[in-house]
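See structure below.
These figures come from a predicted structure and were not determined experimentally.
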Amino acid sequence: MQQIFGKPLITLRRLFINNSQILRYSHNEKYLEQLSNRSLLLVNGPDSSNLLQGLITNDMQHFHNGAANIHTLFLNIKGRVLYDTIIYKQPENNDSFYIECDRRIHEQLKRHLNMYRLRRKVEIQTLENKMKLWTLFNFNLTEKTMNEKSKFDGRIFPCGDNDKNNTSSKRIDKIIIYEDPRLMNLGLRIITEFDVERNDIIKYLESEISSSNEGICNYREFRYKLGIAEGIDDLPPGKTLPLDINGDYLHGISFHKGCYIGQELTARTHHIGIVRKRLMPIIFDELPKKAFNCDETILNETGKSVGKFLGNVNKYGLGLVRITEALNSQLLEISGLKVNVFKPFWWPQEAQKQEVTAKSK
């Protein structure tokens, strides 16, 4: 019987996060969705790790310590986020890495890598129309945990470690399965060759997996429920700072590695210890019947701006808000519609000095 992470693939009812924590995917709650808005680059060669080490916020040393993938950011020289990515080590090849990024900027990222490649022994190629990305997630999981304390609340794990949950990958024919390195609740990341279809993956997982293509739910809405940004719609290149988008809380920044592009401002902000605004999930009181502009102002009861709206799917959205002001407000509105701002349940303990929600009257 095929196995993943030491457990039978045929059931996958319990995905071991570490020796003590198990994430249960209940029957009929799993969704397998192709991430058509994400793309892959292949960085291959003996100097691949050294090249990436000087460009990313995380530490490539985690791969030498057994990690299968890491979440990381590419910054510009001013310390602002250019690209949010996940880097995967190819199984059985220590010098070859997949870089997942927004599909619309994969050529820009390739040029960025080539600009700093110099004489290093590295090959960089796009895998457009050669590989696909998928995710397996439990959409209803956050309904039970949105306002509950995580069992691991208050613990910030070393970047690339994430409860030791990303130290395994499994290749099965044309399919490679990883655990999401950012947050255990995000489920699985699956890389396949281009000719692999949905049913080819399902046969290795479970016989009953719901479709996310019928308007029931989608991965973007799921991310917004959790308060996770991804791609250039949520993170326009060169606009946001890595700590503002919770790069530290999502195990995407190392504060112990050597220099990398954009490090100075990130390190200084971290050591000062003051981050006044962060990306947080928002929920509309009513299902919006109109579209909002990105950067729409979030106002409190006095008409004062407490942040900016980034995007929404149905009633779930994201905002970059000033934490204390938003959580202490009696009422919040976006273009006249009432919203609630939530502190994500996965934020560490030092962030829990704030109240959990800002309730509307």
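Between Phe74 and Thr85, some side-chain heavy-atom pair lies under the 4.5 Å cut-off. Put simply, the side chain of Glu333 does not reach to within 4.5 Å of the side chain of Leu337, judged on heavy atoms. Between Ile274 and Thr269, every side-chain heavy-atom pair lies at or beyond the 4.5 Å cut-off. Within the 4.5 Å cutoff, the side chain of Thr324 has no heavy atoms near those of the Arg276 side chain. Counting heavy atoms from C-beta outward, Val306 and Leu299 have side chains that stay 4.5 Å or more apart. By the 4.5 Å heavy-atom criterion applied to side chains, Val43 and Val122 are counted as neighbours. The shortest distance between side-chain heavy atoms of Arg278 and Val321 does not fall below 4.5 Å. A heavy-atom distance below 4.5 Å is found between the side chains of Met131 and Glu193.
Of the charged side-chain nitrogens involved, at least one lies within less than 4.0 Å of a carboxylate oxygen, so that Glu100 and Arg189 count as a salt-bridged pair. Comment: Asp234 engages Arg223 in a salt bridge, judged by a side-chain N to carboxylate O separation of less than 4.0 angstrom.
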task = Walk me through it: do Asn114 and Arg111 pass the test side chain to side chain donor-acceptor pair (under 3.5 Å)?
result = CA-CA 5 Å; Asn114 275 317; Arg111 289 196 294 269; over 6 Å; no

key: side-chain contact (heavy atoms from CB on, under 4.5 Å) assessment of Met280 paired with Phe342   = CA-CA 6 Å; Met280 299 175 70; Phe342 286 86; 5.9 Å; no

message = Show, in sequence, the C-alpha distance, side-chain angles and deciding distance for Lys277 and Glu325, and conclude whether the salt bridge (charged side-chain N to carboxylate O under 4.0 Å, His left out) test is met.
response = CA-CA 9 Å; Lys277 63 179 179 179; Glu325 293 179 33; over 6 Å; no

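For Asn246 (side chain) and Leu279 (main-chain N/O), a donor-acceptor pair under 3.5 Å exists by modelled atom type. With Asn76 contributing its side chain and Gly238 its backbone, the two residues share no donor-acceptor pair below 3.5 Å. Proximity of a side-chain donor or acceptor of Lys315 to a complementary backbone N or O of Asp285 within less than 3.5 Å is not detected. Checking side-chain atoms of Ser254 against main-chain N and O of His256 turns up a donor-acceptor pair under 3.5 Å.
Heavy-atom neighbours of Leu118 CG from other residues, nucleotides or ligands within 6.0 Å: above the threshold of 12.
In this structure, His64 has no ring-ring contact (aromatic ring centres under 6.0 Å, His included) partners at least two apart in sequence or on a different chain. Scanning for ring-ring contact (aromatic ring centres under 6.0 Å, His included) contacts around Phe194 gives an empty result, with sequence neighbours left out. Evaluation of the ring-ring contact (aromatic ring centres under 6.0 Å, His included) rule for Phe63 yields Phe97 as partners, not counting sequence neighbours.
Remark: the Asn218 side chain and the Glu33 side chain contain no N/O donor-acceptor pair separated by less than 3.5 Å. Side-chain N/O atoms of Ser305 and Thr297 include no donor and acceptor closer than 3.5 Å. Side chain to side chain, Tyr98 and Gln90 meet the donor-acceptor criterion of an N or O pair below 3.5 Å. No side-chain donor-acceptor contact under 3.5 Å links Asn138 and Tyr31.
Among pairs with a residue in residues 121-136, those fulfilling side chain to side chain donor-acceptor pair (under 3.5 Å) read Ser39-Glu128, Arg103-Glu128, Trp134-Thr192, at least two apart in sequence or across chains. Under the salt bridge (charged side-chain N to carboxylate O under 4.0 Å, His left out) criterion, no residue pair touches residues 286-296, with sequence neighbours excluded. Pairs passing the salt bridge (charged side-chain N to carboxylate O under 4.0 Å, His left out) check and including a residue from residues 69-87, sequence neighbours excluded, read Arg38-Asp84.
Between Leu55 and Leu51, the shortest heavy-atom distance links the atoms CG-O, 3.5 Å. Considering every non-hydrogen atom in both Pro242 and Ile245, the closest pair reads O-CG1, 3.4 Å.
Proximity of the aromatic rings of Tyr219 and Phe137 is defined here by a centroid distance below 6.0 angstrom, and this criterion is met.
Phe139 contributes atom CZ, which lies 4.0 Å from atom CD of Glu221 (distance to the nearest 0.5 angstrom).
In this pair, Phe309 and Phe284 present their aromatic rings perpendicular. The plane angle is above 60°, beyond the 30 to 60° band.
Taking the ring axis of Tyr316 as reference, the NZ or CZ atom of Lys225 stays within 45° of it and closer than 6.0 Å to the ring centre.
Results of the side-chain contact (heavy atoms from CB on, under 4.5 Å) test with Leu75 over Leu82, Val81, Ile56, Leu265 single out Val81 as the only residue that passes.
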